[in-house]
Amino acid sequence: MVVPVRNGAPKIARCLQALLTQTLQPYEILVVDGHSIDSTREVARRFPVTVVYEDYGTVGGARQVGVEHARGDYVAFTDADCILGNDWLENLVREFADGIVGVGGGIKNIGSGLWEESIALALDTFLGSASSVQDRVLKEVAENYGTRVQGYGERGHIAPSKCLPSCGSLLKM
């Protein structure tokens with residue numbers, strides 16, 4: 001598990017707790033910190049995780065650092081502000097089949113304010129998820145490795161897990 005974060009102290013504990021209660025336990029959890037100036041590292045170190053640092057200054061750079069440090073056969077990504085359902089990782093792994101190199105899922109936003117509801121509405125559109133950075137990266141991985149993958153509707157690049165309650169993806173290394 002790779003969890004990129006920068007100044008995520010208020011939310012990372014709930015994310016890590018959700019990762020540790022998965023029905024399929026993660027092999028390892030890597031928190032990739034973008035040199036937070038709050039107590040993110042201290043909060044993360046209360047959990048059985050490895051904290052590493054990234055200097056790219058981007059979430060993509062943090063994911064890259066996470067991949068470089070990962071020791072498992074698969075690498076899963078989620079963000080520090082995501083609260084994953086207990087069967088999130090199990091559902092992602094279940095979607096793998098021959099020729100599929102990546103599995104991705106959707107986002108279920110929680111919150112009741114105007115801002116939260118507006119963001120949820122935007123993310124539910126093709127602008128919010130169909131062309132996300134994460135989605136494009138998985139497509140590029142599939143194309144570069146000449147691997148057949150399945151996915152979101154007819155687009156054919158990653159296999160979706162239809163019952164994901166939160167954000168994230170899983171790649172076979």
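What you see is a predicted model, and the numbers here were worked out from it, not measured in a lab.
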Heavy-atom side-chain contact between V51 and V49 under 4.5 Å = yes

Out of curiosity, R14 CZ to C82 SG, how far, rounded to the nearest 0.5 Å?
-> 11.5 Å

Can you tell me if Q22 uses its side chain to pair, donor with acceptor, with the backbone of L24 under 3.5 Å?
-> no

Using the test salt bridge (charged side-chain N to carboxylate O under 4.0 Å, His left out), find all partners of R41 that sit at least two apart in sequence or belong to another chain.
-> D33

Any donor-acceptor pair under 3.5 Å linking the side chain of E28 with the backbone of R71?
-> yes

Please check if the side chain of N86 supplies one atom and the backbone of T23 the other of a donor-acceptor pair under 3.5 Å.
-> no

Does the pair H35 and D55 meet the rule for a side chain to side chain contact (heavy atoms under 4.5 Å, CB included), with working shown?
-> CA-CA 8 Å; H35 297 280; D55 294 315; 2.6 Å; yes

Contact check, side chains of V31 and V52, non-hydrogen atoms, under 4.5 Å = no

Report whether Y56 and V75 are members of the same hydrophobic cluster (ILVMFWY, side-chain heavy atoms less than 4.5 Å apart, transitive linking).
-> yes

Answer yes or no: is there a side-chain heavy-atom contact under 4.5 Å between H69 and T50?
-> no

Within the distance-only criterion (no hydrogens, no angle test), does the side chain of N7 pair as donor or acceptor with the backbone N or O of I37 below 3.5 angstrom?
-> yes

Spacing of SG belonging to C15 relative to CG belonging to D81, to within rounding of 0.5 Å = 8.0 Å

When rounded to the nearest 0.5 angstrom, what is the spacing between CZ in R45 and OG1 in T40?
-> 11.0 Å

Please name the pair of heavy atoms, one in A76 and one in L89, separated by the smallest distance, quoted to 0.1 Å.
-> CB-CD1, 4.1 Å

Which heavy-atom pair separates T78 from P4 by the least distance, and what is that distance?
-> O-CD, 3.1 Å

Closest approach of A9 to D38 (non-hydrogen atoms, all atoms of both residues) | N-OD2, 3.2 Å

Would a 4.5 Å heavy-atom cut-off, applied to side chains only, mark Y53 and V65 as touching?
-> no

Can you check whether P48 reaches I29 side chain to side chain, under 4.5 Å on heavy atoms?
-> no

Could you tell me which non-hydrogen atom of I12 sits nearest to which non-hydrogen atom of A44, and how far apart they are?
-> CD1-CB, 4.4 Å

Atom CG in L19, atom CE in M1: separation rounded to 0.5 Å?
-> 4.5 Å

Taking every heavy atom of A62 against every heavy atom of V2, the minimum-distance pair comes out as O-CG1, 4.3 Å

Determine whether V59 and R6 make a side-chain contact, defined as any pair of heavy atoms from C-beta on separated by less than 4.5 Å.
-> no

Return yes if some donor-acceptor pair links the side-chain N/O of Q17 with the main-chain N/O of L20 below 3.5 Å, else return no.
-> no

To the nearest 0.5 Å, atom CG of L92 lies from atom OH of Y74 at 11.5 Å

Start with the C-alpha distance between R63 and D79, add both sets of side-chain angles, then the distance that settles salt bridge (charged side-chain N to carboxylate O under 4.0 Å, His left out), and finish with yes or no.
-> CA-CA 10 Å; R63 288 187 182 113; D79 295 329; 3.0 Å; yes

Closest heavy-atom contact between G34 and E54?
-> CA-OE2, 3.4 Å

Atom OG1 in T21, atom CH2 in W88: separation rounded to 0.5 Å?
-> 12.0 Å

Donor-acceptor contact below 3.5 Å, side chain S39 vs main chain E42 = no

